[in-house]
Amino acid sequence: MSGARSEHHDPGELLERHRAVLPDWLALYYQRPIEITHGEGRHVWDAEGNRYLDFFGGILTTMTAHALPEVTKAVAEQAARILHTSTLYLDRPMVELAERIACLSGIPDARVFFTTSGTEANDTALMLATAYRGSNQILAMRNSYHGRSFSAVGITGNRAWSPTSLSPLQTLYVHGSVRTRGPFAGLDDAAFTAACVEDLEDVLGQARCGVAALIAEPVQGVGGFTSPPDGLFGAFREVLQRHGILWISDEVQTGWGRTGDHFWGWQAHAQAGPPDILTFAKGLGNGMSIGGVVARAEVMNCLDANSLSTFGGSPVTMAAGNANLAYALEHDLQGNARRVGGLLLERLRAVAAGLGIVREVRGRGLMTGLELVLPGTDTPSPEAASLALEAAREGGLLIGKGGGHSTASVLRIAPPLTLTVAEAEEGAAILGHALRAAELDLSTAR
């Protein structure tokens with residue numbers, strides 16, 4: 001289908017220009033990469049006029065909807081007044097958004113610092129934790145991903161996204177975020193949690209000095225939407241508190257109600273209270289570049305040097321964040337993620353039933369992962385994921401990929417939180433056709 005505003009361009013010509021001036025390691029989806037020109041609601045159009053149902057939302061950034069009038073109006077009005085000032089001046093939209101987030105965070109006496117991305121937010125959280133504790137030792141989860149900066153790469157437990165082993169940090173990796181693979185996969189949830197806590201205690205026994213913090217995604221994003229049993233990070237927190245170790249919850253992908261059951265991912269593990277530090281980004285700006293850190297005052301204020309943020313807290317991005325967050329709360333998008341996300345998960349499990357390439361359909365809210373394998377085996381199949389990704393696009397559906405180790409074998413489904421029941425049904429049907437086509441292609445190739 002075509003969008004009325006589409007102007008047809010040659011994607012091959014743009015691809016040649018892209019390759020001539022941009023890094024080889026800058027990933028592009030699809031054998032014939034597409035140029036997305038505009039969007040509306042849960043749909044986007046490419047430069048050739050093709051219309052797609054968007055089930056990946058700019059890597060989970062389009063939280064509410066494409067071209068949401070409330071957000072575009074707020075951005076335009078603020079841009080007409082002033083685009084930029086920096087944190088050296090009082091910034092009313094920044095203060096207003098910080099007040100809202102501090103209140104929503106669950107962290108007592110909270111302070112908020114705005115950045116331009118999730119990577120920068122996690123980088124700031126690491127700086128705060130190491131300065132507060134006087135240690136460069138960090139606990140991280142296996143299969144994790146926390147960003148592209150030098151320090152964030154140093155705590156990334158997924159080798160496909162870790163281009164160097166050099167790091168300013170000493171990182172100790174613990175079990176827990178991958179429920180159905182690894183040495184504890186056969187245990188029930190209670191035994192799994194107990195085994196992971198024992199592993200954490202053992203790792204701490206090997207540490208040379210006081211560890212600064214544990215950083216963890218409540219649901220691993222790039223890792224393939226894997227998550228531990230509810231309560232695991234709460235059990236970890238009890239151990240951490242005995243040692244004075246901080247807990248950083250990386251909510252870059254799980255924040256703002258996307259998981260449906262909770263506003264923040266950490267709330268599934270809340271028996272030990274909120275984290276010491278919370279990081280956020282992506283969905284808050286609905287595509288505008290916003291990230292940030294929330295921490296209790298004594299942690300946030302531990303730095304003894306001057307600092308600022310040139311672009312963090314920009315009036316335009318703050319206007320977008322205020323409008324977007326207000327819309328999400330007023331329209332109970334968390335509840336919609338729970339209701340429509342639950343239906344979508346059921347439909348995806350139904351279309352995957354009986355297919356040999358689908359090992360597991362997992363997720364919560366509007367975060368769903370389909371782990372693909374070689375038919376009849378337990379071996380991850382990035383080839384199957386690539387085939388399904390291509391077939392879904394041909395059918396008019398955009399999805400993502402991820403997965404553990406070096407195998408991008410998990411299809412990642414994360415639509416805008418305004419997704420309707422009809423769109424969930426449509427997307428599941430398209431993906432069902434794509435999975436069957438991928439399985440047939442794999443079987444034929446073998």
Side-chain angles (χ1 to χ4, degrees), residues 63-64 71 74 78 85-118 120-129 131-132 213 215-218 233-234 237 246-259 262-270 272-286 288-303 307-309 311-330 332-334 417:
M63 178 172 81
T64 48
V71 172
Q78 180 59 54
T85 59
S86 93
T87 55
L88 292 172
Y89 305 96
L90 288 173
D91 180 341
R92 188 173 299 273
M94 179 171 67
V95 172
E96 290 172 348
L97 187 54
E99 288 172 338
R100 284 183 168 183
I101 293 172
C103 182
L104 290 166
S105 72
I107 296 175
D109 195 19
R111 299 293 186 273
V112 182
F113 176 75
F114 290 104
T115 67
T116 60
S117 69
E120 190 187 348
N122 285 330
D123 195 71
T124 302
L126 293 169
M127 180 175 66
L128 289 172
Y132 183 80
I215 185 168
E217 306 155 272
F233 291 124
R237 180 77 190 285
L246 302 179
W247 172 26
I248 304 170
S249 186
D250 178 345
E251 302 275 355
V252 169
Q253 297 195 31
T254 49
W256 321 113
R258 178 166 286 280
T259 65
H262 305 99
F263 193 75
W264 304 107
W266 69 260
Q267 290 170 320
H269 310 271
D276 299 288
I277 303 174
L278 177 155
T279 61
F280 62 84
K282 289 194 181 290
L284 177 61
N286 205 45
M288 298 293 284
S289 298
I290 307 178
V293 183
V294 189
R296 67 177 193 271
E298 67 171 313
V299 176
M300 184 67 82
N301 295 333
C302 75
L303 304 182
S307 194
L308 52 76
S309 184
F311 291 108
S314 158
V316 173
T317 59
M318 295 296 96
N322 274 306
N324 196 46
L325 182 56
Y327 185 93
L329 295 172
E330 290 166 9
D332 187 24
L333 295 194
Q334 177 185 336
L417 302 190

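Note: hydrogens, waters and symmetry copies are ignored here, and every other heavy atom, side chains too, is used. Along the sequence shown, residues are numbered consecutively beginning with 1.
Closest approach of Gly313 and Met94 over heavy atoms only: CA-SD, 3.6 Å. Pairing each heavy atom of Gly292 with each of Ala121, the nearest pair is O-CB, 3.3 Å. The two residues Tyr132 and Glu298 have their closest heavy-atom pair at OH-OE1, 2.9 Å. Heavy-atom minimum distance, Ala323 versus Ala74: CB-CB, 3.7 Å. The minimum heavy-atom distance between Arg296 and Pro108, with the atom names listed, is CB-O, 3.5 Å. In terms of heavy atoms, Ile290 sits closest to Gly285 at CD1-CA, 3.7 Å.
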Under the side chain to side chain contact (heavy atoms under 4.5 Å, CB included) criterion, do Ile248 and Thr279 qualify, and how do the steps go? CA-CA 7 Å; Ile248 304 170; Thr279 61; 4.3 Å; yes
Would Leu303 and Met127 count as a side chain to side chain contact (heavy atoms under 4.5 Å, CB included) if you check the C-alpha gap in whole Å, the side-chain angles of each, and the deciding distance to 0.1 Å? CA-CA 9 Å; Leu303 304 182; Met127 180 175 66; 3.7 Å; yes
Let's go through Leu329 and Leu104 carefully: what are the C-alpha distance in whole Å and the side-chain angles of both, what is the deciding distance for side chain to side chain contact (heavy atoms under 4.5 Å, CB included) to 0.1 Å, and is it a yes or a no? CA-CA 11 Å; Leu329 295 172; Leu104 290 166; 4.2 Å; yes
Hey, mind stepping through Met63 and Lys282 against side chain to side chain contact (heavy atoms under 4.5 Å, CB included) and telling me if it holds? CA-CA 8 Å; Met63 178 172 81; Lys282 289 194 181 290; over 6 Å; no
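Note that CG of Leu97 and OG1 of Thr317 are 8.5 Å apart. Values are rounded to the nearest 0.5 Å. The CZ atom of Arg258 lies 8.5 Å from the CD atom of Gln253; values are rounded to the nearest 0.5 Å. To the nearest 0.5 Å, atom CG of residue Leu417 and atom OH of residue Tyr327 are 10.5 Å apart. Here Met300 contributes atom CE and Arg111 contributes atom CZ; the two are 9.0 Å apart, rounded to the nearest 0.5 Å. A distance of 5.5 Å separates CD1 in Ile277 from CG in Leu246, rounded to the nearest 0.5 Å. Separating the NE2 atom in His262 from the OG1 atom in Thr254 is a distance of 11.5 Å, to the nearest 0.5 Å.
Legend: salt bridge (Lys or Arg N to Asp or Glu O under 4.0 Å) pairs involving residues 90-99, not counting sequence neighbours: none detected.
The shortest side-chain heavy-atom distance between Trp256 and Thr64 does not fall under the 4.5 Å cut-off.
Taking the six-membered ring for Trp and the full ring otherwise, Phe280 and Trp264 have centroids separated by 6.0 Å or more.
Side-chain atoms of Ser249 never come within 3.5 Å of backbone atoms of Glu251 as a donor-acceptor pair (strictly under, hydrogens ignored). The backbone N or O of Ala297 lies less than 3.5 Å from a partner atom in the side chain of Asn301, making a donor-acceptor pair. Of the possible polar contacts, one joining the Thr87 side chain to the Ser309 backbone as a donor-acceptor pair under 3.5 Å is found. The backbone N or O of Leu284 lies less than 3.5 Å from a partner atom in the side chain of Asn324, making a donor-acceptor pair. The backbone N or O of Asn122 sits nowhere less than 3.5 Å from a side-chain atom of Asp250 that would complete a donor-acceptor pair.
Leu308 CG: more than 12 foreign heavy atoms inside a 6.0 Å radius.
The side-chain contact (heavy atoms from CB on, under 4.5 Å) search around Ala270 returns Trp266, not counting sequence neighbours.
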